[in-house]
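Heads up: the structure comes next, in structure tokens.
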Amino acid sequence: ATWQTQTSRDFAPTSMRVRLLSAIALLLLAATHAAAVNTRTTRLARGALNNELRSLIGQGRLEEAEERARAAMQNSIIQLGETHPNTLNAKSSLAVVLWQRGKLDQSERLQRAALRSMEECLGRYHQDTRICRDNLVVAMRQRGRKAEAKKLAAENQNMRHFGKRK
């Protein structure tokens, strides 16, 4: 009898419990929607950054492009973390800008680091990983490492044609 008395006093009426569960469900739905919007927003932001960097490079404003790429990478690290796909793409974009500025050693090191992380996080066959690998091939060719670049380019081309057969 004591347990039944405490139970009826401690728990809210059924209608209150239903309202509470409905409110929790709405919060979860809102969080799911926010995550989906955030994914679309970050994809759009990544495309906008790449367009901005291409524009700055095309105008010869390489120092400004480097500053913008560095800022974007740092913001992405802070907001999304080191291994988020957008952060990895921002690193790869910065490496391309560094290559454009003639900072070939820095560019190749950063591109290699981005590629390693992309292979771990996204997989070897992911489109972003293959693009990053192509960027590394360009950097290696520019530095005169043509044999290594040719081998990496062939591997990347093979992945495009044959998928996950290896």
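Put simply, the side chain of Glu108 does not reach to within 4.5 Å of the side chain of Lys103, judged on heavy atoms. Put simply, the side chain of Met73 reaches to within 4.5 Å of the side chain of Ile77, judged on heavy atoms. A 4.5 Å side-chain heavy-atom check between Arg133 and Arg124 finds at least one atom pair inside the cut-off. In this structure, the side chains of Thr129 and Leu115 come closer than 4.5 Å at one or more pairs of heavy atoms. By the 4.5 Å heavy-atom criterion applied to side chains, Val97 and Arg54 are not counted as neighbours. Taking 4.5 Å as the limit, some side-chain heavy atom of Leu122 sits within range of a side-chain heavy atom of Pro85. Contact of the Asn89 side chain with the Met118 side chain is registered, since non-hydrogen atoms from C-beta on lie closer than 4.5 Å.
In this structure, NZ on Lys146 lies 11.5 Å from NZ on Lys150, to the nearest 0.5 angstrom. To the nearest 0.5 Å, atom CD of residue Glu64 and atom CG of residue Leu56 are 5.0 Å apart. Rounding to the nearest 0.5 Å gives a distance of 9.5 Å between CZ of Arg141 and CG of Leu152. With rounding to the nearest 0.5 angstrom, the SG atom of Cys121 is 11.0 Å from the NE2 atom of His126. Atoms CD and CG, on Gln106 and Leu94 in that order, are 8.5 Å from each other to the nearest 0.5 Å. Rounding to the nearest 0.5 Å gives a distance of 10.5 Å between CD1 of Ile57 and CD of Glu66.
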Handout entry: side chain to side chain contact (heavy atoms under 4.5 Å, CB included) between Val96 and Ser107, intermediate numbers included
Key = CA-CA 7 Å; Val96 169; Ser107 173; over 6 Å; no

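In the hydrophobic clustering of ILVMFWY residues, with side-chain heavy atoms under 4.5 Å counting as a link, Leu53 and Leu62 come out together.
Using a cutoff of 4.0 Å between basic side-chain nitrogens and carboxylate oxygens, Glu148 and Arg145 are scored as salt-bridged. Between Arg68 and Glu63, none of the side-chain N atoms (NZ, or NE/NH1/NH2) sits under 4.0 Å from a carboxylate O, so this pair counts as no salt bridge.
Side-chain atoms of Ser92 and Gln111 include a donor-acceptor pair closer than 3.5 Å. In the model, Asn156 has no side-chain atom that pairs as donor or acceptor with a side-chain atom of Arg130 under 3.5 Å.
At distances below 3.5 Å, at least one donor-acceptor pair connects side-chain atoms of Ser117 with backbone N or O atoms of Ala113. A distance-only check finds a donor-acceptor pair linking the side chain of Thr87 to the backbone of Gly81 [under 3.5 Å].
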